[in-house]
Amino acid sequence: MSFSSWYKDYYPRLLAALTVVAADSESAADATAEAFTRALERWDRVGAMASPEGWTYRVGLNVVRRRMRRAGLERRLLGRPEPTMPVELQPEVWLAVKELSPRQREVIALRYLLGMSEAEVADTLGVAVGTASATLSAARSRLAGLLSDLDTPQHKSSEVE
Amino acid sequence: MTDLTDLLRPLVDRAPHPPPVSELEDRVTRRRRRRRTGAAATAALMVAAVATVAGITDESGHHATKVQVGRSPGTPSQPASVTLPSGYSFDALSATEDGLLISGVVATAGPQQCAYASVNDSPLRIGAVHKADCSDPITTGRTASVVIGSAGMGTENTARIATVDRATGKVSVGPVAFRYLVGSDTGVETAYGGGWMWVYDVDTNNGPEVLQVDTATGRVVDTVPTPAVYRPILAANDSGLWIGVSPESGPRPADTLYRVAPGAHAAVTVVAGNRVVNWLQTDPAHLWAGIATARYMAGGVFTGTLSDEAIWRFNGSVNRPAYAVSLGGADYISVVGDESDWLWTVRWPSSVSPVSPSPEPQEIVRIDPDTGAQTVVTTLPAILEPTGGSEGFAVGQAAVVDGNLYILDPPQSGSPGTSRYVTLTRLAAPTGEASSSLPTPPAASSPGPGPARVTLPTTATAGFDSISAAGGTLLLTGEVGSSGPRSLCDYASLDPQTLQLGRVQTADCDDPATSGQTVGLVTGPDYNSNPGPSATARITTLDHVTGKVAEGPVVFTYLDASDTRPLTAYGGGWMWVYDVETNRGSEVLQVSPATGRVVDDIALPKLYRPILAANDAGLWIGDSLNGSGPGIDTLYRVAPGSRAPVIVIPGRRVITWLQADPGHLWAGVATAPVTKETIWEFDGTESAPAFTAPLDGTDSAVIGDATQGLWTLRWSPSPAAGRAAPEAQQVIRIDPANGSESVIATIAPFPASDTTGLTQGQAAVLDGHLYILEPPYRKGLAYPTLLELSAPRP
């Protein structure tokens with residue numbers, strides 16, 4: 001597998017996932033580029049992994065987490081601008097996603113943007129499958145409460161998935 | 001009904017195109033060339049330490065012949081080369097007092113060991129290779145180093161200071177200096193210079209900070225908060241620590257280059273604006289910096305491409321560049337050398353593509369440290385990696401000792417990014433004519449440093465909200481808390497030459513020292529009042545010899561309401577104290593600053609919330625927009641020793657601001673509601689204005705004097721345009737002789753500012769420079785930065 005083809009294929013999904021996790025499109029773009037740079041730097045090893053996507057996602061996630069930790073403080077103390085909204089999403093969807101907790105945004109990103117199974121989500125997050133399922137369920141319920149036309153888990157959870 | 005995948009899918013389907021892979025490759029290459037592995041850096045320093053502490057000398061006992069490089073350009077003699085010993089991965093050269101040392105790691109499996117050797121100069125050869133534990137703090141080479149450990153939580157590390165006893169070689173490790181979040185861009189960085197070890201981390205438990213460490217004792221003598229600079233480029237010399245914002249700094253701070261002077265309490269902005277530092281090189285008295293413009297993708301991601309790199313030189317502690325000249329399209333990632341040995345680097349021939357699979361010989365460039373002029377002195381093959389656009393030696397790849405340039409050469413057929421060098425090449429001191437000269441460097445496109453900016457401490461318990469100029473220096477003050485019924489204030493001097501903040505001291509806000517005066521006013525509760533809220537006012541005096549503050553008797557009691565509190569003004573050798581509701585009515589006290597004695601008290605009309613200024617003509621007291629009612633005139637003056645005020649401007653107008661110097665008073669005069677102002681000027685004790693002139697703006701304080709002009713800020717476009725925020729702010733100079741205005745500079749709008757100009761105490765003028773405390777002002781945090789603008793003398 002060449003880095004170039006893998007990169008072009010995976011870039012949109014990783015960017016989308018990190019955008020949801022970070023709730024900030026600029027931070028996500030930064031973290032995505034950083035993750036791919038590090039993957040390129042170590043492509044001999046990363047390319048041979050069973051899941052280069054998982055490794056790269058975790059690198060990006062770590063970058064996002066550090067940025068989030070610092071960004072809140074900077075916004076509070078220095079008056080830095082609020083996170084930027086991705087133009088690709090409807091504003092009401094974006095506002096609803098932002099209402100989720102960071103962990104809920106993570107499971108949503110892994111499940112619905114990176115297409116992971118619940119077991120893979122649990123493995124990526126280092127939690128039990130039951131915990132991942134419960135977090136996913138809570139996130140879906142929260143979104144359903146915020147988005148009137150979203151299928152609720154109670155009504156059509158199978159469609160949601 | 002819609003499912004979640006559909007709602008989120010536009011994020012994937014409409015995602016922007018990924019940046020070209022070549023941009024990622026540029027980032028990788030640049031990072032590799034800049035990176036110096038912890039082990040290698042440790043090893044390089046270790047060599048110096050061992051040589052110093054244990055007295056190791058080179059194997060042959062030869063001393064290199066010291067050849068001083070002159071200022072005339074020349075061609076070096078034929079280069080000499082030596083093959084590096086096998087079994088090691090040498091990747092760093094360092095120039096020490098004992099000569100050149102080469103360091104790296106032992107190329108074996110298992111726990112990493114460092115290797116180092118001295119380099120014999122005549123003939124050129126590598127001395128005996130020594131091995132040592134890379135974690136040994138002696139490897140810092142300067143008797144003090146940082147030891148990193150795990151905090152046991154996975155995401156945090158600890159940093160401790162280790163010191164080595166020169167006499168015994170015994171190593172001591174101190175307590176945890178700080179914890180920091182582990183990340184590829186948050187590692188601890190160190191720099192040595194001026195007798196100090198400087199330790200920087202962007203993500204400590206206290207936020208971004210730098211520690212100034214005594215290299216002899218390992219004691220942390222100062223801890224200074226700084227802007228957050230990820231992957232900084234550091235250098236140190238006698239003037240302190242220089243912190244450069246690199247292209248890879250990620251979420252970048254406001255400015256480009258900062259300096260923390262020894263003993264300072266804040267970082268000073270040396271180069272403002274959003275350029276980047278590509279390299280820094282110091283000697284004890286100078287700093288040279290490669291400063292460029294970086295290209296970023298969406299999201300602020302560095303593309304790996306720089307442009308307009310220029311070399312900037314700073315002499316000593318002066319925060320303005322001695323020169324800034326273009327490097328003619330170069331993209332040097334490091335430069336080695338100093339004032340006496342010149343500066344050296346390497347570049348691609350202009351005719352050759354950097355990505356050529358068979359790179360032509362590359363040009364060794366010498367840079368005149370006094371002018372920034374470049375000269376190609378020779379060519380060598382394959383110094384640079386055959387990919388990536390960046391030029392210059394990789395960090396640690398080259399060193400200059402006694403006028404000779406030493407370079408570690410990568411294998412010519414090696415893969416890009418290899419850190420294992422195979423030979424060491426020496427270019428001896430140049431003689432004769434240069435092989436070619438690069439074009440005369442033009443001045444950089446942006447040679448000026450722009451406004452200087454100082455980051456001020458703003459913690460929950462420290463901060464400044466006022467600046468004043470007195471006695472040839474600047475004084476910053478700010479209320480930071482309370483102790484019982486008294487308020488506490490921070491105050492510190494600011495050196496106008498170096499912008500170095502002095503020691504921050506805390507005192508009772510009533511202490512005259514907090515306002516740079518020798519006499520002040522202290523208020524307190526009036527326990528005898530009955531009925532109604534009443535308070536007492538006393539005069540305080542500062543004894544300059546002992547530093548003690550003496551509090552005098554009650555000079556009056558007053559009604560303690562928001563619009564009846566006493567106000568003070570200083571000028572003409574007096575302190576003036578006014579209160580509208582004292583136990584004797586509306587009155588002003590004339591107080592001797594030497595003794596604190598009240599020499600006169602004068603009855604005045606009732607002026608609520610007046611505006612005061614004082615000079616040799618006495619106290620000027622004006623009715624403000626939020627002030628008094630009918631029967632009050634616009635401006636009064638109370639002459640020293642007089643028994644009654646003089647009405648200077650009669651009628652029902654309002655004073656918007658007053659500014660005085662010893663012989664003049666300038667007043668902003670308007671009619672309520674204020675839609676436009678007029679400036680009135682009064683000479684000496686004259687009650688008729690020398691001139692009146694319309695002012696373009698409103699709602700902004702004016703500062704200055706007859707010598708330096710009057711200064712203010714103004715929104716652009718005007719607030720009257722109905723904008724919530726300005727696009728820019730104009731720095732306005734008002735001619736003190738006739739009131740005419742001119743725009744001196746345009747600066748970025750203050751973020752989140754709730755005013756449309758200057759507020760009282762926000763700015764000061766001193767020696768042709770304008771100093772402005774920059775919003776956003778936050779209660780309890782005060783102003784976060786101070787801006788210095790060069791204000792040309794009239």
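Labels below follow one simple rule: chain letters A, B, ... track the order of the sequence lines, proteins then strands, and each chain is numbered from 1.
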Can you say whether V63(A) sits under 4.5 Å from chain B via the side chain, the backbone, both, or neither, judging by heavy atoms?
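Contact with chain B is absent: no heavy atom of V63(A) under 4.5 Å.
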For T19(A), is it the side chain, the backbone, both or neither that has a heavy atom under 4.5 Å from a heavy atom of chain B?
side chain
Report the distance from atom CG of L147(A) to atom CG of L7(B), rounding to the nearest 0.5 Å.
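It comes to 6.5 Å.
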Rounded to the nearest 0.5 Å, how far apart are CG of L24(B) and CZ of F36(A)?
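If we round to the nearest 0.5 Å, L24(B):CG and F36(A):CZ are 8.5 Å apart.
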Output the option from P12(A), S4(A), A109(A) having the highest count of non-hydrogen pairs under 4.5 Å with chain B.
P12(A)
Looking at L11(B), L8(B), V12(B), D13(B), which has the largest count of heavy-atom pairs under 4.5 Å with chain A?
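Of L11(B), L8(B), V12(B), D13(B), L11(B) has the most heavy-atom pairs under 4.5 Å with chain A.
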Which pair of non-hydrogen atoms, one from Y11(A) and one from P16(B), has the smallest distance, and what is that distance?
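Closest pair (atom of Y11(A), atom of P16(B), distance): CE2-O, 3.6 Å.
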